Amino acid sequence: MNVKMGVDIGGVTLKNPVMTASGTFGYGEEYADYLDIGRLGAIVVKGLSLSPREGNPPPRIIETASGMLNAVGLQNVGVEEFIDKKLPYLRTIGSVVVANIFGESVEDYVKVADTLSNAKGVDLIEVNISCPNVRKGGIAFGSDPVLAGEVTRAVKSASGLPVIVKLTPNVTDITKIARSVEAAGADAVSLINTLTGMSIDIEKRIPHLKNITGGLSGPAIKPVALRMVWETVNAVSIPVVGLGGIMNASDALEFLIAGARAVQVGTANFINPSIAVDIIDGIENYLSDRGIGDINDLIGTLRI
Amino acid sequence: MKPETCAKIFSQRETVKGHFLMIVKAPVSFREAIPGQFIMVRLEGGNSPFLSRPFSIYSIYSRGDDTFVEIFYKVVGKGTDAFSRLREGASLDILGPLGRGFDVPASCRKVALVAGGIGVAPLSFLAQRCGEDIPGTEVICYLGAGSSEALAGLDRLEKICSTVEISTDDGSRGYHGSVTGLLKRDMDLYADDDTRIYSCGPRPMLRGLQELLKGRPPGTCQVSLEERMACGIGACLGCVARIRSDGEKGGMVRVCKEGPVFDIDRVEFGE
């Protein structure tokens, strides 16, 4: 049976609801050998800042129970080099391109968003107000409803592109932040970013990460992510993009049934670089097997 | 396309205490592997261990239509412990060969390998290929370990190298001291343009080697670095090392993609 897999995020049509999460898929080209990138609903590129950043010193990652901690610290080539060196390839792939951006000030966010809006080939902007691994910016904006709204409003007015705001789970009530960015004009929200965590080497009595703390990702966080997506879907009327520990089609389907309009696959790309297309196929088979002709007829159909 | 493949363990045995030789039946694409390249290995299914583990390639060989990859590793944590318990026929997900291997100029007449502990694995593969590809080249291996019982990979090196020099920290066999101390004794042998030095081992050893080789022309020595990795293909940015780019200030460079092999003079080992 022919299943309609397309979904709409902020007026942009994704050919299917599966995106690859920022920071787990490089700038796309890293995965060209491993899967047909043109099959993805969207690619979200590694977070971009105004100037290149070298990130945190190593060790940056450590495995934990059913997951991993990372403290990469937003290492990236900067928005100019992204446009010159990375975007030409992304223009050829035939998937929606989402540029993830972050800054240390509202002005930074605005400049990056403005630069990207004028570069042909970017379809959507995802605003990271939630990175736990950098001192300034990131989470400071994401944990305060007023600041989150301020950044959103500024990026929206600077950018001609639809804007997704990526939320942190490291807050008391994620729906407050979601409502605030919705009121400020966000076209969608994505959640969750990583949960702040820590791991210690008991022989040396030092943290496993040079940064001391890092962001927890992987299947360990999926139940938390799903709960927060469910709460947010009930709190806002803009589309919610769900992510956090999705390892297979069944995980992705849970988020869609909970009401996520699309999902992002993150850490799973590290385990199996072609997993995103397996997840697309798995979702399609699920719908086809149950005689559901359109993915939109499944989204948000949780029975309580 | 070189997607992740399911591979079966052909055999596995403990060689010296805590060191295992695993032979995996691999896709034919592995025949193109270059010494210094690595593969990502994961237990099929399950989340413990969760991430794939990087292993340098110890050897590749073919028998009939089948290709075999040898992995020689030391048990150091949860991942390697889990691998060491696997037996013949167990399934693994493997990805590779990955990364940049060693460069050996065809004009090279003398090769010194400086191996610390399990750092012997990629160097043994290199010695094997030097013997096959540039016959007549003298390959001398300096193999260091804590004690004589921990001299991993010695039997094979003795077969494929012109000479094997041994050092042990406790003096139980060969030179009493570090492997770089042993190399220092012989440095006059490696003064000419047609000699190259290759190394892999613990960071303090590599730092010592860098110190010893100060003043040598760039390109004299290459080292293979070890870092924790999540993806192995350049996406996670978890495995970076600080590398100088041609005389300029260092930057964070991916060990999995731009490495794991680097010119030793470009590596900033830090404190």
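This structure is a prediction, so every number in the text was calculated from the model and none was measured. Letters go in sequence order (proteins before strands), and every chain restarts at 1.
- Annotation for B:Lys78: atom NZ counts as buried by contact number, over 12 foreign heavy atoms lying within 6.0 Å.
- Summarising the geometry, atom CG belonging to B:Leu51 is positioned 6.5 Å from atom CD1 belonging to A:Ile61; distances are rounded to the nearest 0.5 Å.
- By the 6.0 Å contact criterion, CD on A:Gln75 is enclosed, its count of non-hydrogen atoms from other residues, nucleotides or ligands being greater than 12.
- Counting all heavy atoms, side chain and backbone alike, A:Asn56 lies closest to B:Met252 at O-CE, 3.8 Å.
- Heavy atoms of B:Met40 lying under 4.5 Å from chain A are absent altogether.
- At a 4.5 Å heavy-atom cutoff, the contact between B:Arg228 and chain A is made by backbone and side-chain atoms alike.
- Using a 4.5 Å cut-off between heavy atoms, A:Thr24 touches chain B through its backbone atoms (N, CA, C, O) alone.
- Of all heavy-atom pairs between B:Cys236 and A:Val72, the closest is O-CG2, 3.4 Å.
- Here the closest non-hydrogen pair linking B:Ala235 and A:Gly26 is CB-N, 4.0 Å.
- Listed here is the closest heavy atom pair of A:Gly218 and B:Phe50: CA-CZ, 4.2 Å.
- Ion pairing between a basic and an acidic side chain is recognised when a charged N comes within 4.0 Å of a carboxylate O; B:Lys257 and A:Glu30 show no such pairing.
- Looking only at heavy-atom pairs under 4.5 Å with chain B, the residue among A:Thr267, A:Asn269, A:Thr64, A:Asn272 that has the most is A:Asn272.
- Interface check for chain B: of the options A:Pro57, A:Pro219, A:Gly23, the most heavy-atom pairs under 4.5 Å are formed by A:Pro219.
- Closest non-hydrogen pair, A:Arg60 versus B:Leu237, comes out as NH1-O, 2.8 Å.
- Shown here is B:Lys74, whose NZ atom has no more than 12 heavy atoms of other residues, nucleotides or ligands within 6.0 Å.
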Next on the checklist: What verdict does the side-chain contact (heavy atoms from CB on, under 4.5 Å) test give for B:Arg53 and A:Glu63, after you've listed the backbone C-alpha separation in whole Å, the side-chain angles of each residue and the deciding distance to 0.1 Å?
Outcome noted: CA-CA 11 Å; B:Arg53 297 294 194 269; A:Glu63 176 168 317; 2.7 Å; yes

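- Interatomic distance, B:Leu95 CG to A:Ile271 CD1, rounded to the nearest 0.5 Å: 11.0 Å.
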Checklist entry - Can A:Glu54 and B:Arg242 be said to form a side-chain contact (heavy atoms from CB on, under 4.5 Å), step by step? => result CA-CA 10 Å; A:Glu54 76 166 20; B:Arg242 192 176 280 283; 2.6 Å; yes

